[in-house]
Amino acid sequence: MSPFEVSANRFDFIGWQIFRSPHFVVYSDGGEKAVSRVVRELEMLHLAAQQLLERAAPPHAPVIVVLPSSSSDWRKLRSRGNVRWRVSVSTFQRFAYYIVAEYDWEREGAKTLWSALGGLEASWIGPEPSFAVSKGICSYFETATFEADQVVLGGYNPREQFLVEQGWMDWDRVFAITNQSREYTNEAPDLHRFMAQSALFVQYLFDESAPLRRRKMRQWNSVFEAGWRPTETLFAAIFGSDFAAFQKDAEQAVWRERSRTRTFKFTAAELDFPVVTESVKARPMRELFVLTQILNQRVDASEAALDSLLGQGLETAALRGLLVEACLNWNRREAAAKVLDELMAADAVAPEVYAMAASLRVDSIVKRELDVSVRLSPEDARQIQTWCDQALALAPYLAQANEVSALAAGWGPTVDAAQSTLIKTRFEALSDRGPVDGCLAALAMAEWRLGNDHEARRVCVYLLRYAAVRLQVRRLARTMLNELDRREAQGAAVWGEGT
């Protein structure tokens, strides 16, 4: 038994309940009235996020939230995570969506919880935000105020006062910070500057009178996801101004004019949802605690606990999504695939389960290097497309499923015009919703294999000119262009694999 399991077995987790709503499953030993209010506000923020980001959230298994009371057994066991400052909330969202409140939310209020949900919502709705944008959205949600049928976001955030008192950080440095950067992991003035400037940046982007800024924000996010370094030149190409001009404009718009808040109203039907409450036994709570430590602490005890859970099996079926998250966090891909198989055998399967199973299968064969010489076996190609079709039947715009389906078509055992059409369909579904370079890589591969040299060259040239393209896709484009040049020099006529 791992040290985390030994610790968890010392407590009985008395008084814990589960509160279920359409999009959230909340574990808490707090007062029923207070927790029910929090659940309602979580649902209202989920509705507001979709209005704010101007698109519907794809279907997903409910977000799991842990809200320990001030006297909870959980607090006696809580962890710090990977930063040196006190952790208030831990959030995980690679596969399962999970939020753990590590602070006294009953006494201090739920603003920190709203902040964590804002960052998660941005990833859920997509495209995946850059780190600075994600933290800025967290700060934006931190300002939430509620009335019976509406949420107001974007009010004054005290973080911004720090810039008046302590001065600004260079914007290229702000945009280069990640969750592993010294400026973020240490509690120091740079952390506060980063959080304040991220908040100001997002406040400026969400100005209701300037909708074009949201589209530019999505462009900026896509460049980050492709792995590009944030430069002033790149910023100016997207936003139309250098850092100094942007800062001046943002200060005037956000601080002086104060036309910053946005109100999101909801219909009676949208707010008419059930919150079902049920008691929870000690065993699920112990497994939930152990999974949280595996996710939150990068130490040997976490890996030992993961080995133990995988060896003996997880008794609580509702927590299998978190076990997948833990496996991915520790790079246990084969173990994750096995747990996904268990999830797919259930009566109701969330779309991300099929999508992740397909992604792991493609990853192991094709995706890491996008080698032009690799081919999926007929069995693998068939299974991957089946999983993607199942995911997309539930969530047609799910980014992961669309990209993986395109890759499986481009790298399948054979290729024909139907495969090329399928890839174009997946590309269209992803446009403005997630990275499209994977779909374009698949299209280039399919056209290259079919012998459509002109079309393959056109796509490759575009991939090398377009900013939001990942490194492995650029390598693929260069390899294909070199091959096309070689074939052209040799005077090759029509070349292709056909079917």
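A search for ring pair (Phe, Tyr, Trp, His ring centres under 6.0 Å) contacts involving Phe264 returns nothing, not counting sequence neighbours. Applying the side chain to side chain donor-acceptor pair (under 3.5 Å) test to Arg474 and every residue at least two apart in sequence or in another chain returns nothing. With sequence neighbours excluded, no residue forms a ring pair (Phe, Tyr, Trp, His ring centres under 6.0 Å) with Trp411. Scanning for side chain to side chain donor-acceptor pair (under 3.5 Å) contacts around Ser21 gives Glu43, with sequence neighbours left out. When the side chain to side chain donor-acceptor pair (under 3.5 Å) test is applied to Lys265, the partners found at least two apart in sequence or on another chain are Gln150. By the side chain to side chain donor-acceptor pair (under 3.5 Å) test, Asp389 is found to be paired with Arg426, residues two or more places apart in sequence or in another chain being considered. Residues forming a side chain to side chain contact (heavy atoms under 4.5 Å, CB included) with Ala326 (at least two apart in sequence, or on another chain): Leu291, Ile294, Leu295, Leu306. For the salt bridge (charged side-chain N to carboxylate O under 4.0 Å, His left out) test, residues two or more places apart in sequence or in another chain that qualify with Arg458 are Glu455. In terms of the salt bridge (charged side-chain N to carboxylate O under 4.0 Å, His left out) criterion, residue partners of Glu303 (sequence neighbours excluded) are, by chain and number, Arg332.
Between Gly410 and Ile423 the shortest heavy-atom distance is N-CD1, 3.9 Å. Nearest heavy-atom pair, Gln50 versus Ala57, reported as atom, atom and distance to 0.1 Å: OE1-N, 3.0 Å. Among all heavy-atom pairs drawn from Ala357 and Met344, the shortest one is CB-CE, 3.7 Å. Shortest non-hydrogen contact noted between Ala391 and Ala355 is CB-N, 4.0 Å. Between Ile137 and Phe206, the closest heavy-atom pair is CG1-CE1, 4.0 Å.
Ion pairing between Glu483 and Arg486 holds under the 4.0 Å rule for side-chain N and carboxylate O. Residues Arg470 and Glu403 are paired through a salt bridge, judged by an N-O separation under 4.0 Å between the basic side chain and the carboxylate.
Sorted by first and then second residue, the pairs that involve residues 453-480 and meet ring-ring contact (aromatic ring centres under 6.0 Å, His included), not counting sequence neighbours, are Tyr462-Tyr466. Sorted by first and then second residue, the salt bridge (Lys or Arg N to Asp or Glu O under 4.0 Å) pairs involving residues 228-247 (not counting sequence neighbours) form an empty list.
The structure places CD of Glu334 at 11.0 Å from SG of Cys327, a figure rounded to the nearest 0.5 Å.
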Atom pairs and distances, side-chain donor-acceptor, residues 116-131, under 3.5 Å, sequence neighbours left out:
residue : atom : partner : partner atom : Å
Glu121  : OE1  : His46   : ND1          : 3.0
Glu121  : OE2  : His46   : ND1          : 2.8
Ser123  : OG   : Gln93   : NE2          : 2.7
Ser123  : OG   : Glu128  : OE1          : 3.3
Ser123  : OG   : Glu128  : OE2          : 3.0
Trp124  : NE1  : Pro58   : O            : 2.8
Ser130  : OG   : Val133  : N            : 3.3

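For the residue pair Thr185 and Gln180, no side-chain donor N or O sits within less than 3.5 Å of a side-chain acceptor on the partner.
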Working for side chain to side chain contact (heavy atoms under 4.5 Å, CB included), residues Gln385 and Leu422: CA-CA 11 Å; Gln385 288 294 2; Leu422 173 66; 3.7 Å; yes

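Between Phe194 and Tyr184, the angle of the ring planes goes over 60°, which puts this pair in the perpendicular group of the 30/60° scheme.
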